[in-house]
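A short write-up of the structure that comes next.
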Amino acid sequence: MNNNKYLKCLSDNLKDLMGEMSVSDLSEKVNIPQPTLSRYILCKRQISLDNLIKLADYFNIDIDVLIGRREF
C-alpha cells in the first residue's frame, strides 16, 4: 500500500469518525490547526506522527486502524 492510499484511508476514516462534528470543532478538541486538519481530510497534506497520535487518542482508535492498515 502506498502513501496515497494511507492518506485516502485516513481521510475516509476521519470523515466517518467525525460524523456530524465540524472540522473546526475537531480542530479545537485535538489542538490541530483547522487548515491543517482540512488538508488531511482533503488528502492534500501528509499527516505528522504527532497529529496522527492526537487523532488516534481522541477517537480512542489504533493508528493502524485510522490509516487503514487494519479494519475497525
side-chain contact (heavy atoms from CB on, under 4.5 Å) between L26 and F59, intermediate numbers included: CA-CA 10 Å; L26 180 58; F59 288 112; 3.9 Å; yes
message: Determine whether E28 and S24 satisfy the following criterion, side chain to side chain donor-acceptor pair (under 3.5 Å), listing intermediate values before the conclusion.
response: CA-CA 6 Å; E28 289 177 23; S24 60; 5.4 Å; no
- request: Before giving the answer on side-chain contact (heavy atoms from CB on, under 4.5 Å), spell out for I47 and L55 the whole-Å C-alpha distance, their side-chain angles and the decisive distance to 0.1 Å.
  value: CA-CA 10 Å; I47 192 167; L55 290 167; 3.7 Å; yes
- request: Identify the heavy atoms of I67 and Y6 that sit nearest to each other, and give their distance.
  value: O-CD2, 3.4 Å
task: Would you sort out whether R70 and D62 count as a side-chain contact (heavy atoms from CB on, under 4.5 Å), showing the intermediate values?
output: CA-CA 9 Å; R70 285 200 346 240; D62 189 270; 3.6 Å; yes
task: Check the surroundings of atom CG in N60: do more than 12 heavy atoms from other residues, nucleotides or ligands lie under 6.0 Å from it?
output: no
query: Would a distance-only check, ignoring hydrogens and angles, find a side-chain to backbone donor-acceptor pair under 3.5 Å from N51 to I32?
result: no
- prompt: Salt bridge check: are D12 and K8 linked by an N-O gap of less than 4.0 Å?
  reply: yes
query: Just by modelled atom types, is the M21 backbone N or O under 3.5 Å from a matching donor or acceptor in the D25 side chain?
result: no
message: Using modelled atom types and a 3.5 Å cut-off, is there a donor and acceptor pairing between side-chain atoms of N13 and backbone atoms of L66?
response: yes
Smallest separation among heavy atoms of Y40 and R45, with atom names: CD2-O, 3.5 Å
- prompt: Does S27 use its side chain to pair, donor to acceptor, with the backbone of V23 at less than 3.5 Å?
  reply: no
